[in-house]
Amino acid sequence: MLTEKPQAKESIGIEELEDGAMLYSEDKVHILNGTSFLVWLYCDGKTTVQQIIDLIREACPEGAVKQNDIIKTIKKFKTENLVI
Amino acid sequence: MTKYIFYKIFGCHLSICYDDLTFEEIIKFIYPYYVQKANVFPQYRFFLKRIERNFIVQLNGKEELRTNYIEELFSFLEWNITCLALKESNQFLQLHAGCIAREGEGIILIGKTGAGKTTLVYHLLKKALLCLSDDILFVSLDKGILYPFRRTFLIKTGLQKMINLTEDSFTKEDNKIIFSNNRAYFDPETEFKSCWSQPISKVRAVILINYCDTKNFIKVQKYLAAEEMLKASFNLNYVKNRACKVTADILNNSKTYYLHSNDIEWSVSRVCSIFDG
């Protein structure tokens, strides 16, 4: 999992909010908070899950975001067909 | 010769041809703000019959409603015509929300059934605010303009008790409220003259309201407000992309709050403070 390079689907539409975003696919709208949206932005097909975790933890106050939560978020993106 | 049935439910006029009327023609009566596009309406045809005490509505030949309550007939027609119009036109985001306005700015009140939207709007009208809706709000998908939805308020038992409204407390000649099946239908214009707002292009706040025992009025994150706002949409699936854009525009340019209370005076003062602040 940590070496995977998730890539956001190109077909997903984005509307940014001050503290998150709305992602919309053909069948659903997904509301993300700020951290989840940041994770999604890093899903560029070049960055590994481990690198995403490091980047997110650098950007957030210490202890604010747990590794498991980021992994869960990426898994959810896969389940929801937001990343490949 | 075309034959029409005219309904007047207090200030709301409804006219349906009972032998042959196109959906497009019906819409022209009901939504004066509706911008008509060419060839957007398939030929929906409403057919009304009355057999003894029953009103019967058929849509394209299929019976959709049979009732002896004229208010139920009116609600059914309003709801179905509204939904069909939205489905076919794709011009509006339709929200299950109340909305009031002052000096050209609106406050959207999002809440589930029973949250107190009508109660709050009714009491805000007493403070000389203007009304766009107590229950259903239309937002244009191109410019995010909020349109008033003029209709009678449906006053349920909670608000009836709060304002001491009983079936005996008015007369039929009062022409202000009618009761049917424990529900009161109230035309706000009879009590609050010129209470309907013009269309509004600026949203000052979006409030997520809830009726509960504890009082709470706090700022809420935009993404949570977005979630509730989209849940409150009836036609999101037909207009998804533009609905997301217009929702984001509204939320990013307004304040967002939770308002939890069972104290109407307190709630009214909190909403008014947003306009004053």
Side-chain angles (χ1 to χ4, degrees), chain A residues 6-44 52-53 55-66 68-84, chain B residues 86-87 90 92-97 107-108 110-112 139-145 202-208 218-258 274:
Chain A
Q7 181 165 15
K9 277 194 172 176
E10 281 183 13
S11 57
I12 304 293
I14 309 170
E15 286 298 334
E16 287 192 40
L17 296 163
E18 276 179 21
D19 52 16
M22 289 181 274
L23 307 187
Y24 50 92
S25 55
E26 271 182 23
D27 59 335
K28 204 173 170 187
V29 178
H30 309 262
I31 311 285
L32 307 186
N33 66 20
T35 309
S36 297
F37 183 46
L38 201 52
V39 172
W40 193 81
L41 289 174
Y42 282 128
C43 293
D44 54 6
I52 292 173
I53 291 166
L55 287 163
I56 296 289
R57 294 180 93 175
E58 269 175 35
C60 298
E62 200 177 323
V65 184
K66 293 177 184 166
N68 276 352
D69 290 339
I70 298 170
I71 291 173
K72 272 185 199 170
T73 300
I74 294 170
K75 280 183 178 171
K76 195 176 173 199
F77 287 164
K78 280 187 178 177
T79 313
E80 302 274 6
N81 272 327
L82 293 171
V83 299
I84 46 175
Chain B
L86 286 160
K87 184 179 165 189
N90 292 339
F92 300 104
L93 175 65
Q94 184 191 18
L95 295 174
H96 185 202
I107 291 182
I108 298 174
I110 308 268
K112 292 176 182 166
V139 184
S140 73
L141 289 162
D142 52 352
K143 294 178 180 170
I145 293 171
K202 182 167 171 47
V203 179
R204 191 165 180 103
V206 176
I207 308 179
L208 311 179
I218 50 170
K219 284 194 175 174
V220 64
Q221 292 97 324
K222 308 271 170 154
Y223 77 89
L224 292 174
E227 203 161 74
E228 294 305 314
M229 208 160 153
L230 294 182
K231 271 187 209 166
S233 165
F234 294 111
N235 64 330
L236 177 63
N237 284 337
Y238 298 113
V239 293
K240 202 177 297 148
N241 302 6
R242 288 179 297 156
C244 287
K245 184 175 187 323
V246 82
T247 301
D249 285 346
I250 287 173
L251 291 172
N252 284 334
N253 292 295
S254 64
K255 293 177 179 173
T256 46
Y257 300 92
Y258 270 131
I274 297 171

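Note that the coordinates shown come from a computational prediction; the quantities given were computed from them, not determined experimentally. Note on naming: letters A, B, ... go to the chains in the order of the sequence lines (proteins, then strands), and numbering restarts at 1 for each one. Values below: all heavy atoms of this structure, side chains included; hydrogens, waters and symmetry mates excluded.
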Original post:
Checking heavy atoms, do the side chain of A:L32, its backbone, both or neither come under 4.5 Å from chain B?
Top reply: backbone
Original post:
CG of B:D249 to CD of A:E15: how many Å apart, nearest 0.5 Å?
Top reply: 7.0 Å
**OP:** Heavy-atom distances under 4.5 Å only: say whether B:L224 touches chain A with side chain, backbone, both or neither.
**Re:** neither
Subject >> Contacting region of A:S25 [heavy-atom separation from chain B under 4.5 Å] >> reply: backbone
Original post:
Between A:M22 and B:L230, is any pair of side-chain heavy atoms under 4.5 Å apart?
Top reply: yes
Subject >> B:Y223 backbone acceptor or donor facing A:N33 side chain under 3.5 Å >> reply: no
Subject >> Which residues share a side chain to side chain contact (heavy atoms under 4.5 Å, CB included) with A:I84, sequence neighbours left out >> reply: A:Q7, A:K9
Original post:
Counting heavy-atom pairs under 4.5 Å to chain A, which of B:K245, B:Q221, B:K240 comes out on top?
Top reply: B:K240
Subject >> For the student: nearest non-hydrogen atoms of A:L17 and B:A248, plus distance >> reply: CD2-CA, 3.8 Å
Original post:
For B:K222, does its backbone N or O pair with a side-chain atom of A:D19 as donor and acceptor, under 3.5 Å?
Top reply: yes
Subject >> Exercise: identify the closest heavy-atom pair between B:N252 and A:E18 >> reply: OD1-N, 2.9 Å
Original post:
Roughly how far, to the nearest 0.5 Å, is the SG atom of B:C244 from the CG atom of A:L23?
Top reply: 9.0 Å
